[in-house]
Amino acid sequence: MICKYRFGTPLETGAVVAPRPESPLPMPRFTVTEDPLTLSCPLPEGAAVYGLGENVRGMNKRGWHYESQCTDIPHHSEDKLSLYGAHNFFLVSTEEEVFGLFVDDPGVVHFDIGYTRSDLLSVTVKSGDAWVYLIEGETEADVARQFRGLVGRSYIPPKWAFGYGQSRWGYRSEEDIRAVAEGYRSRRMALDAIYLDIDYMERFKDFTVNRETFPDLKALAADLKRDGIHLVPIIDAGVKIETGYDVYEQGVEQGLFCTDERGENFIAAVWPGQVHFPDVLNPAARRWFGRLYGRLMEQGIEGFWNDMNEPAIFYTQKNLDAAFARVEDFKGRNLNLHRYWELKALFNYLGDGPNSYHQFFHQMEQDGKLLRVRHDRVHNLYGMNMTRAASEAFDELAPGKRVLMFSRASYIGAHRYGGIWQGDNKSWWSHLQMNLQMMASLNLVGFLYTGADLGGFGCDTTEDLLLRWIAFGIFTPLMRNHCALGTREQELYRYPRWETFRDLLSLRYMLLPYLYSEYMKAALTDGLMFRPLAFDYRGDARAREVEDQILLGESAMLAPVCQQNATGRHVYLPEEMKLIRLRRAGEWTEEILPAGDHYIPVALDEVPLFLRPDRLVPIAAGDADCVMREDFDHLSLLSFVRTEAEYLLYDDDGESRDYNQQSHYTAIRLNAGGALTVAGSQTVTLPER
Ligand code: MIG
């Protein structure tokens with residue numbers, strides 16, 4: 001059951017797609033206080049709190065506080081309150097009951113989850129205006145499903161986007177890109193995408209291509225595509241101010257940029273230097289900006305990633321001018337420490353944050369009319385609307401087709417338009433575990449197409465960390481290895497154990513029938529592909545505490561090694577399971593383990609997969625070098641059958657949006673005696689062993 005409550009004068013954010021009547025009754029469960037608007041409820045001992053999407057710390061969010069304020073933040077340490085997304089949905093789960101709360105307001109919202117007082121949860125809405133939805137249900141999955149019914153179906157990418165992708169900030173030219181393709185292909189290592197970071201552009205100008213370094217993008221894209229590799233360029237939020245640059249000139253002429261307090265186009269600086277921000281909260285600007293993606297699509301591009309759309313701001317012109325004006329006061333003076341710190345701070349807060357968000361304005365659509373709103377009031381909607389602009393344009397530019405799109409910043413609702421990646425993590429072991437934890441939290445708020453920069457973005461990676469991270473990454477829908485300019489090279493073929501990497505990649509392609517089925521079923525039925533153990537084993541107090549294992553789809557549990565130098569790990573099994581040690585496509589060993597605690601040795605070239613009783617995992621041969629060349633018609637099974645297991649397999653052409661066809665499903669049934677029945681278009685046989 002969902003009840004909707006109004007506080008103050010809420011804005012229409014576009015998060016909700018299934019409108020509901022406002023409840024005439026006061027809100028139960030929560031105590032409401034004003035100035036600032038705060039909703040509080042007791043947290044009983046043993047209650048866990050899940051959700052809040054992209055944030056640091058565990059899947060159970062209890063014991064810290066968080067703030068929805070989309071931020072370009074390259075240090076994902078435990079002291080952080082916000083990352084790039086604003087995902088104001090959580091659920092409180094006790095042994096007796098589950099309820100969820102969605103706070104729909106695009107300004108700063110603060111969540112104190114047992115931080116100030118361990119037995120109290122409180123949500124503070126800075127603006128005082130919000131639509132609040134209270135969702136009650138039987139189980140976590142049930143509350144999550146109701147929530148997704150409210151906010152709409154999750155984005156579905158093309159099937160090739162489930163393949164492996166290589167990225168690096170620092171690929172400077174066509175030669176660099178061809179060398180990466182060659183690095184993988186010459187060793188017969190699978191690869192479906194190479195990402196273009198900002199260096200492909202001409203002076204960081206959106207929708208341009210540097211003709212010196214990429215003389216013929218169209219030919220390059222076509223060549224790579226013949227080899228099963230898609231080129232995926234980045235698009236940044238800021239539009240370079242440069243006379244003669246048509247995107248800039250069109251935006252100015254048509255009045256489609258954000259403005260400052262005097263109504264002039266607002267000037268900030270990001271990679272291109274001075275920029276204007278397209279006012280994507282205005283439908284006309286969205287239409288204009290979205291259509292520009294077509295320029296790259298005409299050159300054979302079928303996927304994009306949207307960056308810097310919190311929006312990230314290095315400085316605003318106003319803040320920079322003010323800092324320079326004040327710096328004179330310090331010149332030639334004998335500065336005491338206090339004054340010295342003041343001087344240093346002068347140039348520290350010129351961009352991201354409250355020092356700039358009040359300096360610009362949008363023409364936001366509200367009830368069919370345009371309303372001038374100051375940015376800080378609607379900050380968390382910017383990234384979503386940039387991605388929405390692209391997504392709405394794709395409907396026209398590539399009708400009926402799927403286009404790969406994922407974003408850095410997001411708000412709830414953005415999960416309909418694209419996926420998100422988990423931002424600038426580091427090559428730290430703790431961030432491998434955070435990748436796992438965020439999969440669960442992000443699924444809960446609707447983002448199914450997600451993954452982290454495998455191997456870590458910042459810092460230098462190591463071969464063993466990369467091996468362990470890829471061993472987990474083969475399960476995440478977005479499987480992309482990405483790293484920062486200046487860090488150690490991270491392409492898998494460069495490492496002494498490249499053959500092990502090749503084998504790990506083959507496992508991804510082998511598992512695709514399962515991963516794709518689970519993704520599509522989760523998207524089409526508002527389900528959760530990744531879940532904490534506690535969701536499926538509700539009565540199990542131990543399961544509630546597990547933060548480094550995760551359920552993947554209906555059949556599998558994952559327990560990756562996340563520790564340096566470890567040759568294995570402790571694993572908790574809530575019930576009897578079959579441990580499958582995967583080595584490469586077609587090669588694995590099996591062992592049945594009783595419920596309880598185990599220490600499992602895991603070599604660097606192994607991937608442990610735990611199969612639940614009476615469950616199946618359909619697999620392909622895994623011998624192709626890209627999704628397009630994998631045979632999905634002739635499948636086999638990983639199975640753990642005590643009595644009988646059934647599995648509903650989903651497959652489709654991977655490109656069109658024609659999802660609701662009965663013919664996409666194949667029903668597989670296997671009993672303990674080994675009798676297999678298959679109804680549908682795929683051929684499934686039992687593996688020879
Ligand atoms: O200020 O485009 O998160 O993935 O490589 C850094 C360069 C800008 C941040 C993104 C990262 C990307 C980088 N970008």
Side-chain angles (χ1 to χ4, degrees), residues 36 56 65-84 107-108 110 124 126 169-170 198 203-204 236-243 248 257-277 307-362 374-380 382 408-409 423-424 426 428 457-460 484-487:
V56 298
H65 57 136
Y66 311 87
E67 194 166 79
S68 284
Q69 167 96 310
C70 299
T71 309
D72 173 9
I73 195 158
H75 306 290
H76 304 175
S77 47
E78 282 186 38
D79 54 337
K80 294 304 181 308
L81 307 187
S82 317
L83 297 176
Y84 316 86
V108 176
H110 186 258
T124 305
K126 194 176 168 204
W169 177 12
I198 42 177
R203 295 192 298 285
F204 306 122
D236 276 13
V239 169
K240 185 175 181 14
I241 299 177
E242 187 183 283
T243 312
Y248 158 74
F257 290 125
C258 295
T259 50
D260 62 19
E261 59 275 18
R262 294 160 309 161
E264 309 282 331
N265 292 324
F266 171 67
I267 302 173
V270 210
W271 287 107
Q274 292 188 329
V275 298
H276 292 320
F277 289 120
D307 191 21
M308 305 297 273
N309 53 356
E310 292 70 28
I313 299 176
F314 294 164
Y315 62 81
T316 71
Q317 196 54 48
K318 194 170 172 181
N319 288 344
L320 188 68
D321 293 345
F324 274 121
R326 285 194 49 209
V327 80
E328 288 299 317
D329 300 349
F330 296 83
K331 241 184 185 167
R333 301 273 163 85
N334 180 357
L335 302 179
N336 65 22
L337 263 195
H338 177 71
R339 290 285 285 157
Y340 167 71
W341 290 117
E342 233 181 279
L343 169 67
K344 280 193 80 169
L346 260 191
F347 290 89
N348 266 348
Y349 305 99
L350 302 178
D352 296 326
N355 285 349
S356 355
Y357 298 160
H358 66 282
Q359 291 174 357
F360 61 112
F361 294 79
H362 300 273
R374 206 168 77 175
H375 179 77
D376 52 351
R377 180 69 194 86
V378 291
H379 173 69
N380 292 332
Y382 192 85
R408 197 169 69 177
D424 296 348
K426 296 216 193 295
W428 292 349
F457 175 76
C459 303
D460 292 328
L485 189 67
T487 59

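From a predicted model like this one, the values you see are computed outputs, not experimental measurements.
At least one side-chain heavy atom of Asp424 sits less than 4.5 Å from a side-chain heavy atom of Arg408. Looking at heavy atoms from C-beta onward, Phe314 lies out of side-chain contact with Asp352 at the 4.5 angstrom threshold. Side-chain contact between Trp271 and Asp307 is absent, with no heavy-atom pair separated by less than 4.5 Å.
Ring-plane geometry between Tyr84 and His76 is classed as perpendicular, the angle between the planes exceeding 60 degrees on a 0 to 90 degree scale with a lower cut at 30. Ring pair His362/Tyr382 is tilted by interplanar angle, where 30° to 60° counts as tilted.
Formation of a donor-acceptor pair under 3.5 Å by the Asn309 side chain with backbone atoms of Ala409 is found in this model. A distance-only check finds no donor-acceptor pair linking the side chain of Asn355 to the backbone of Asn319 [under 3.5 Å].
Here NZ of Lys331 is found 11.5 Å from CG of Asp329. Values are rounded to the nearest 0.5 Å. Atoms CG and NZ, from Leu350 and Lys318 in turn, are 13.5 Å apart once rounded to the nearest 0.5 Å. The NE2 atom of His379 lies 5.5 Å from the OG1 atom of Thr71; values are rounded to the nearest 0.5 Å. To the nearest 0.5 Å, atoms CZ (Phe277) and SG (Cys258) are separated by 7.5 Å. Between atom CD1 of residue Ile267 and atom CD1 of residue Ile241 there is a gap of 4.5 Å, rounded to the nearest 0.5 Å. Between Asp460 atom CG and Lys426 atom NZ the span is 11.5 Å, to the nearest 0.5 Å.
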| field | Evaluation steps, side-chain contact (heavy atoms from CB on, under 4.5 Å), between Asp236 and Phe204 | value | CA-CA 8 Å; Asp236 276 13; Phe204 306 122; over 6 Å; no
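Judged as a salt bridge (Lys or Arg N to Asp or Glu O under 4.0 Å), and not counting sequence neighbours, Glu67 has no contacts. In this view, Ala269 and Tyr315 satisfy the side chain to side chain contact (heavy atoms under 4.5 Å, CB included) rule, not counting sequence neighbours. Glu264 is linked by a side chain to side chain contact (heavy atoms under 4.5 Å, CB included) to Asp260, Arg262, counting only residues two or more places apart in sequence or in another chain. Take Phe361 and apply the side chain to side chain contact (heavy atoms under 4.5 Å, CB included) test, not counting sequence neighbours, and it matches Thr259, Glu261, Arg372, Arg374. Not counting sequence neighbours, the partners of Thr124 by the side chain to side chain contact (heavy atoms under 4.5 Å, CB included) test are Pro36, Thr38, His110.
Closest approach of Thr316 and Gln359 over heavy atoms only: OG1-OE1, 2.8 Å. In plain terms, the two heavy atoms of Thr487 and Gly458 that are nearest each other are CG2-C, 4.2 Å. Across every non-hydrogen atom of Glu78 and Val56, the tightest pair is O-CG2, 4.1 Å. Between Cys70 and Tyr357 the shortest heavy-atom distance is O-OH, 3.9 Å. Nearest approach of Pro272 to Gly238, heavy atoms of both residues: CG-O, 4.5 Å. Between Asp72 and Glu310, the closest heavy-atom pair is N-CG, 3.8 Å.
Sorted by first and then second residue, the pairs that involve residues 316-343 and meet ring-ring contact (aromatic ring centres under 6.0 Å, His included), not counting sequence neighbours, are Phe324-Phe347.
The number of heavy-atom neighbours closer than 6.0 Å to NZ of Lys80, taken from other residues, nucleotides and ligands shown, is above 12.
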